[in-house]
Amino acid sequence: MKQGTQHLGMGVRIGIGFIVVLALMVALSAIGLRYVAEANQRLKDIAQINNVKTELATEMHSALRERALSMHALPILADPFDKDAEIQRFNSQGTLYILARDRLERMPLSPEENEILAHILELTSEAQPEVQAVVDMSTFINDQTAIFDQIRSVAMPRQRAIAEQVSALLDLQRQQTATAVRNAEISYARVRNLMLGLGTAALLMGITIAGFVSRRATHQARQLASQAMYDPLTGLANRSLLHDRLEHEIEVSRRAHTSFGVALMDLDRFKEVNDTLGHNVGDELLREVGRRLKETVRAEDTVARLGGDEYVVLIHGLDPEGVPAIANKVLATLDKPFHWQNQSIDIGASLGVSLYPSQCSDASGLIRCADIAMYVAKRAGKGYALYAPDQERTSRSDLSLKSELREAIQSDQLSLYYQPQIDHRSRRVVGLEALVRWNHPQRGFLGPDNFIPLAEDAGLIGPLTHWVLRTALTQLVALHRQGHVLTMAVNLSARNLHDMELPTSILALLAESGVAPEHLILEITESAVMANPSDGLTILTELDRMGVTLAIDDFGTGYSSLAYLKRLPVDELKIDKSFVMDMEENENDAVIVRSTIDLAHNLGLKVTAEGVETQDAWNILEILGCDCSQGYFMGRPMPVEKLEAWLRESAWSKVETGALYAL
Ligand code: C2E
Ligand code: CA
Ligand code: CA
């Protein structure tokens with residue numbers, strides 16, 4: 001959104017820039033054109049006026065010349081008619097001369113022109129009597145010598161003086177026209193320079209804007225490209241760049257008949273680190289993993305992060321023989337502890353490898369195959385696995401189960417079976433353990449071992465536990481109402497001990513159902529507590545404070561130290577069924593069962609034995625002082641209807657009237 005407004009602001013600014021440049025160009029053109037038009041007009045006016053003036057001056061000049069010719073012709077003409085005609089021509093030229101001069105005087109004149117004209121006027125009035133004398137002499141005294149003398153020495157010099165002035169006038173006018181043209185040229189040059197200047201300015205502005213825009217655009221394009229191609233957290237290639245590289249590599253390998261590998265890994269304990277140490281440490285760890293991977297592989301190999309804690313390395317030239325070496329190298333680099341504030345964090349990773357060429361033939365296929373192999377490696381608890389087609393069936397069904405499980409939790413495909421727990425002293429049922437089942441629409445009835453690990457993997461254990469608790473507590477209330485005052489044991493998984501909200505949500509469920517906390521038993525395996533000792537202890541302490549009973553499940557299978565066990569706020573130990581089922585034949589197991597019961601009692605804990613399948617087992621446990629037993633011998637896990645029948649009919653069950661649950 002913010003970026004959107006930024007783009008808008010930028011767009012508006014660029015738009016304004018262009019409009020300014022455009023306006024400048026338009027204004028510039030208008031100014032220039034007007035300037036040129038004015039200069040043109042001025043030049044035209046000057047040229048027109050000067051043309052008229054020049055014409056008049058030329059007329060004067062030719063009239064003078066004609067009169068001079070007439071003057072020379074007159075003395076020679078003998079015929080009086082011819083003489084008269086010549087005199088008339090002479091006079092009419094005089095008239096033409098005067099008319100032209102008068103018109104010239106009325107024109108707009110420069111001071112120089114005025115001066116010359118004044119001079120011409122003066123000369124004309126001086127010349128007039130002398131010229132007239134020639135005419136008169138020609139008419140009346142026919143003394144040719146005297147006449148020519150008059151012409152040569154007096155009249156003609158005067159006439160010539162006038163003609164010179166008229167020539168001067170013509171020269172002046174020519175000069176004026178030339179000056180006007182020059183001025184116009186200067187004006188044009190000025191306009192040209194102005195236009196050129198402003199045009200250059202507009203151009204520079206345009207170039208600046210264009211440069212700016214293109215810089216922004218390039219920058220943004222680069223940013224987008226990098227966002228589109230690289231993981232912002234680690235700077236590694238992202239899924240889409242990896243895809244491109246894979247496609248390219250497939251093409252190259254296909255042509256060159258070479259092979260390559262795709263290694264996909266995910267970190268084993270990343271979620272724990274993220275949950276317990278926070279996202280910043282998690283992010284730093286992801287970056288460090290990226291750095292280590294890049295250092296481990298060759299520069300031309302592509303390291304990508306797909307998201308979360310999943311990484312992929314495209315390894316050039318990898319063949320089946322090369323897989324162990326590279327896989328172990330990668331695993332070794334991730335096995336080295338990470339350091340954070342003097343704390344050393346063990347992360348570890350599982351790695352799946354797929355190869356080209358193989359059944360995994362395209363980019364997505366290669367990633368999917370590597371994913372399946374990785375899944376196999378994870379489940380098998382070994383570092384890496386190379387993809388093999390037979391892995392596919394189980395893994396793929398696991399993958400689809402994961403997504404179906406989410407649905408199942410919401411849509412009542414899950415159900416609870418309840419197994420009775422019998423007190424040795426009273427030989428009566430005192431409690432039930434809730435055991436979850438999944439009635440899968442296609443796969444049929446699934447036991448918890450088939451889907452609890454998937455739920456943990458897919459982050460669904462929280463909602464699943466919530467569903468189990470709520471269902472079990474609701475059922476317990478119903479049983480209490482029927483007069484069966486029993487406890488309800490619910491299993492927690494290791495992942496539940498990462499959820500700091502767990503005590504609060506259990507408190508809410510107890511309040512919602514109206515079950516007293518002491519009627520709820522939570523079973524946690526040793527290893528679940530050991531996997532997350534600090535948070536685990538906090539959560540258990542909180543649950544204990546609430547009054548909920550805590551039991552250590554599958555006791556004997558883990559490696560919890562006695563010292564640690566003492567610090568846990570637990571009330572009960574459940575001996576793992578493997579020892580109980582074998583204790584009749586196996587002396588070792590019998591010893592374990594016996595010592596566990598003693599140990600528990602020494603610590604002030606109650607002991608429940610699981611897996612009691614025979615009367616003998618029941619008897620031995622009774623002799624050993626076991627408090628409680630659970631097993632097929634007394635009752636299998638049962639759905640509600642069966643449980644109700646069992647509670648009515650079994651010898652292990654007898655309604656204790658007096659203890660009806662207070663409603
Ligand atoms: P568990 O907590 O040890 O549960 C006891 C398991 O032993 C149950 O298997 C039960 O059916 C079986 N069992 C009981 N008595 C006998 C016997 O006499 N002989 C033999 N051979 N087996 C007996 P189930 O129901 O398959 O559960 C397996 C495990 O799944 C449970 O082990 C528990 O760890 C887990 N689980 C079950 N329900 C839940 C649940 O709601 N949440 C979580 N987180 N885990 C659950
Ligand atoms: Ca259990
Ligand atoms: Ca158990």
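Each ligand, and each atom within it, is numbered from 1 in the order the structure gives. Owing to the predicted nature of the structure, the values given are computational and were not obtained by experimental measurement.
- Within Glu523, the N/O/S atom positioned nearest the Ca ion (ligand 2) carries the name OE1.
- Contacts between Val468 and ligand 1, counted as non-hydrogen atom pairs separated by less than 4.0 Å, involve the side chain only.
- Residue Ser493 has at least one heavy-atom neighbour below 4.0 Å for each of these atoms of ligand 1: 44 (N).
- For ligand 1, the polar-atom distance check finds no N/O of Pro637 at less than 3.5 Å from any of the ligand's N/O atoms.
- Side-chain atoms of Asp544 and Thr541 form no donor-acceptor pair, as typed in the model, at a separation below 3.5 Å.
- Under 3.5 Å, the side chains of Gln421 and Ser629 contain no donor-acceptor pair of N or O atoms.
- Counting heavy atoms closer than 4.0 Å to ligand 1, residue Lys574 contributes nothing at all.
- Residue contact annotation: Gly447 has no non-hydrogen atom under 4.0 Å from ligand 1.
- Glu284 and Asn280 form no side-chain donor-acceptor contact under 3.5 Å, judged by distance and modelled atom types alone.
- For atom 6 (C) of ligand 1, the nearest non-hydrogen atom from the set Gln419, Arg437, Lys577, Glu456 comes from Lys577.
- With sequence neighbours left out, His424 forms a ring pair (Phe, Tyr, Trp, His ring centres under 6.0 Å) with Trp618.
- Within Asp553, OD2 is the N, O or S atom that lies nearest to the Ca ion (ligand 2).
- With a 4.0 Å cut-off on non-hydrogen atoms, Val490 does not touch ligand 1 at all.
- Between Glu288 and Lys336 there is no salt bridge, since no side-chain N of the basic residue sits under 4.0 Å from a carboxylate O of the acidic one.
- His498 and Asp535 share no side-chain donor-acceptor pair at under 3.5 Å.
- At a heavy-atom cutoff of 4.0 Å, ligand 1 is contacted by no atom of Gln630, backbone or side chain.
- Atoms of ligand 1 lying under 4.0 Å from any heavy atom of Asp449, numbered from 1 in the order shown and given with element: 28 (C), 29 (C), 30 (O).
- Residue-ligand proximity, Glu433 to ligand 1, at heavy-atom distances under 4.0 Å covers atoms 2 (O), 4 (O).
- Remark: Arg594 is not positioned above the aromatic ring of Phe579, lacking an NZ or CZ atom under 6.0 angstrom from the ring centre and at most 45 degrees off the axis.
- The backbone N or O of Leu647 lies less than 3.5 Å from no partner atom in the side chain of Ser650, so there is not a single donor-acceptor pair.
- Those atoms of ligand 1 with a heavy atom of Gly631 less than 4.0 angstrom away are 15 (N), 18 (O).
- Considering backbone and side-chain atoms together, Asn496 places no N or O closer than 3.5 Å to any N or O of ligand 1.
- Heavy atoms of Arg636 found under 4.0 angstrom from ligand 1: none, in either backbone or side chain.
- Glu433 contributes atom OE2 as its closest N/O/S atom to the Ca ion (ligand 2).
- With Arg495, Glu613, Met634 as candidates, the residue nearest to atom 20 (C) of ligand 1 on a non-hydrogen basis is Glu613.
- A donor-acceptor contact under 3.5 angstrom links the side chains of Asn496 and Thr465, judged on distance only.
- In this structure, the side chain of Arg437 does not engage the main chain of Leu416 through any donor-acceptor pair within 3.5 Å.
- Side-chain contact annotation: Asp576 with Ser578, donor-acceptor N/O pair under 3.5 Å present.
- Below 4.0 Å from some heavy atom of Pro448 lie the following atoms of ligand 1, by number and element: 24 (P), 25 (O), 26 (O), 27 (O), 28 (C), 30 (O), 36 (N), 37 (C).
- With a 4.0 Å heavy-atom cut-off, ligand 1 is reached by the side chain of Asp554 but not by its N, CA, C or O.
- The closest heavy-atom contact to atom 34 (O) of ligand 1, among the options Thr614, Asp576, Leu492, Asn491, comes from Asn491.
- Residues passing the ring pair (Phe, Tyr, Trp, His ring centres under 6.0 Å) test with Tyr417, sequence neighbours excluded: Phe445.
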